[in-house]
Structures are given as C-alpha cells and as structure tokens.
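Contents: one structure, followed by commentary.
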Amino acid sequence: MSATINFYFDPVCPFAWMTSKWVRQVQAQRDYTVDWRFISLRLINSEVDYDAHFPPEYEAGHTAGLRLLRVAARARSEHGRTSVAGFYAALGAHIFDAAPDPAEQRGEGELRERRGTREFVEPILDEAGLPRALAQALDDESWDREIRQETDEALALTGKDVGTPIIHFEPPAGVAFFGPVISRLPDEDSAVELWDHVVGLARFPGFAELKRSLREQPQLAALGGDTTRVGRQEDWQGGRKADQSAQGKS
C-alpha cells in the first residue's frame, strides 16, 4: 500500500488516539492516504518489571492493547489493510470517547483488562463491519511476531526512547517522529494549519526534536476531559505523569 503517512498506534494509548483523530481531520481535507500500522506498548516494555515501574493497572491495559492488535492484524490479513482504519476508529470511540459509567463497579485495572476480551471487542467488530470470528485472535500469540516486527520497524525510524504514536511522513524516504502529542482537537481550519507546520519541520532533514514535559490532560470523555475548557496541566516524564515514579513508556 502506497501511503502519504504511516501511522503506528497502540489502541489503548490516549495520546495516539487524540493524534489519530487530528490526522483523520486533515485526511478529510487533503488528498492523503494513511496506512494504520502497529506498535505495542506491551512489547516495548516486555523487559520491564511492571510491578516495580508502573501503576497496578498499566500491565492490564498494555496487555489488552496487544490482544486488540492481534485482532487488528488478523483483520488486515483477511480483509485488507483498509479494514484497520475502521476497526481502530471504532475501538477508540469506545475506549476514549465514551464517558465513564457512574454505575460501573469495576476498578481501573479490571476496566482496562476487559478491553482485551471477546465481550468488549465483538460488538466493536460489528460496528466496523467485520466478522466476530476475528475475536478468536485475542489469544492467538502467532500474531505477535508480525506485531513485534512492526513495532521494531517503528522504533528503527525514531530510536527507542519514544512512545506512541509514531508517524512516518512521506514514506519510505520521509522522516518519522514520535507524536505530535496533542491534548485537544483543533478546529477544522486549525487542524490543517497545524499539520502544515508539523510537515514543514518533518521535511527539514536536520530537525530532531521539539518537546516539553508539561501537558494538558487529554480532553477525552473517558478521562473526564471537557472540551469547553483548558484541561488540568500535568508534568509527563518518561512517557507518564511525573508523580508516578517509573521508567518505560505508558
């Protein structure tokens, strides 16, 4: 598939989801094609002691992300690369754009773990127009080799000290970067303006990094975000909020 950009995502990463929504805004206004590719936070952190380095719910969340990527990999194999776009869109809408149910009795770890179950994914496959049988891939580790290869491919483009998403501009010769990480969606006009600025940086071969650790909390309904106001500022270091002492990526 010849694409304008390759977008590497883990379906449980809120920053990847926010950036993907912005990319879709731009795609609707420009003649761009996107190849939605895989990068697994669980595989990136495969050598990390989760108990020592992450909050308790992170391992369940990252593991669910890997399980969902297995389903996406099988969908791509059996229904073509374009099937990933609809499946990811449906996943993200359920994971991040739905407000928490106040009657939900599950803890955060249980909620994240549920995302890697047939109960969660089968209705989403319905929405994406894909067969429920694809959910059998949740437990099929044979897809991990393909996901690992694509994860390694993404990290080879940027270096390993990054998280998700990774965008490869104008592949194969173009530059790839982690991010851009955005906490809120721009309006339609600003979306294209922001895109043009980012592409301008990406096209300069000497550009390496533009970063700050202070961020606004992502304006996503599942995280309690409110698009009518500026979110609470947080300090993120090493891929997570600084008050959560750990190494690795989140």
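Counting begins at 1 with the first residue of the sequence.
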Output the distance between atom [atom1] ([X]) and atom [atom2] ([Y]), rounded to the nearest 0.5 Å.
| X | Y | atom1 | atom2 | value |
| --- | --- | --- | --- | --- |
| Asp10 | Leu41 | CG | CG | 4.0 Å |
| Arg37 | Ile167 | CZ | CD1 | 13.5 Å |
| Asp140 | Arg74 | CG | CZ | 8.0 Å |
| Glu153 | Thr158 | CD | OG1 | 11.0 Å |
| Ile147 | Leu68 | CD1 | CG | 10.0 Å |
| Ile124 | Asp126 | CD1 | CG | 10.0 Å |

How about [X] and [Y]: do any of their side-chain heavy atoms sit closer than 4.5 Å?
| X | Y | result |
| --- | --- | --- |
| Arg115 | Ile95 | yes |
| Gln136 | Arg118 | yes |
| Phe178 | Phe15 | no |
| His94 | Pro123 | no |
| Phe87 | Leu134 | no |
| Phe7 | Ile166 | no |
| Phe169 | Val199 | yes |
| Thr63 | Glu113 | no |

Report task. Consider only side-chain N and O atoms of His168 and Tyr8, and report whether a donor and an acceptor are under 3.5 Å apart. Result ->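 Side-chain D/A pair, His168 to Tyr8: absent.
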Query raised in the report: Hey, are Trp17 and Asp97 close enough side-chain-wise for a donor-acceptor pair under 3.5 Å?
Result: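 A donor-acceptor contact under 3.5 Å links the two side chains.
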Pair [X] + [Y], salt bridge at N-O below 4.0 Å:
| X | Y | result |
| --- | --- | --- |
| Glu150 | Arg145 | no |
| Lys160 | Asp152 | no |
| Glu59 | Arg112 | no |
| Asp139 | Arg70 | no |

Check whether [X] reaches the backbone of [Y] with its side chain - one donor and one acceptor, N or O, closer than 3.5 Å.
| X | Y | result |
| --- | --- | --- |
| Asp35 | Ala3 | no |
| Thr4 | Thr33 | yes |
| Thr117 | Arg114 | yes |
| Thr19 | Pro180 | yes |
| Ser190 | Pro186 | no |

Taking all non-hydrogen atoms of both residues into account, name the closest pair between [X] and [Y] and its distance.
| X | Y | answer |
| --- | --- | --- |
| Thr151 | Ile39 | OG1-CA, 3.4 Å |
| Ala75 | Leu130 | CB-CD1, 4.2 Å |
| Leu43 | Arg148 | O-NH1, 3.5 Å |
| Ala191 | Val26 | O-CG2, 3.6 Å |
| Leu138 | Val71 | CD2-CG2, 3.6 Å |
| Pro165 | Ala16 | CD-CA, 3.5 Å |

Query raised in the report: What orientation do His62 and Tyr50 show, parallel under 30°, tilted 30 to 60°, or perpendicular over 60°?
Result: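 The arrangement is perpendicular - the two ring planes meet at more than 60°.
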Requested in this report: May I ask you to decide if the ring planes of Tyr88 and Phe9 are parallel, tilted or perpendicular, using 30° and 60° as cut-offs?
Outcome: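 Rings of Tyr88 and Phe9: parallel, under 30°.
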Report task. Might you work through the side chain to side chain contact (heavy atoms under 4.5 Å, CB included) test for Phe177 and Val198, ending with a clear yes or no? Result -> CA-CA 10 Å; Phe177 289 106; Val198 171; over 6 Å; no
Requested in this report: Determine, step by step, whether Glu193 and Asp189 satisfy the side chain to side chain contact (heavy atoms under 4.5 Å, CB included) criterion, reporting the C-alpha distance in whole Å, the side-chain angles of both residues, the deciding distance to 0.1 Å, and the verdict.
Outcome: CA-CA 7 Å; Glu193 180 183 17; Asp189 293 334; over 6 Å; no
Count I, L, V, M, F, W, Y as connected when their side-chain heavy atoms are under 4.5 Å apart, and connections chain through other members. Are [X] and [Y] then in the same cluster?
| X | Y | answer |
| --- | --- | --- |
| Leu194 | Val34 | yes |
| Leu91 | Leu185 | yes |
| Val192 | Tyr32 | no |

Query raised in the report: Can you check whether Phe38 and Trp143 have ring centres sitting under 6.0 Å from each other?
Result: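 No; Trp143 has its ring centre 6.0 Å or more from that of Phe38.
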Query raised in the report: Could you walk me through whether Trp36 and Arg76 pass the side chain to side chain contact (heavy atoms under 4.5 Å, CB included) check?
Result: CA-CA 10 Å; Trp36 302 93; Arg76 185 171 68 182; over 6 Å; no
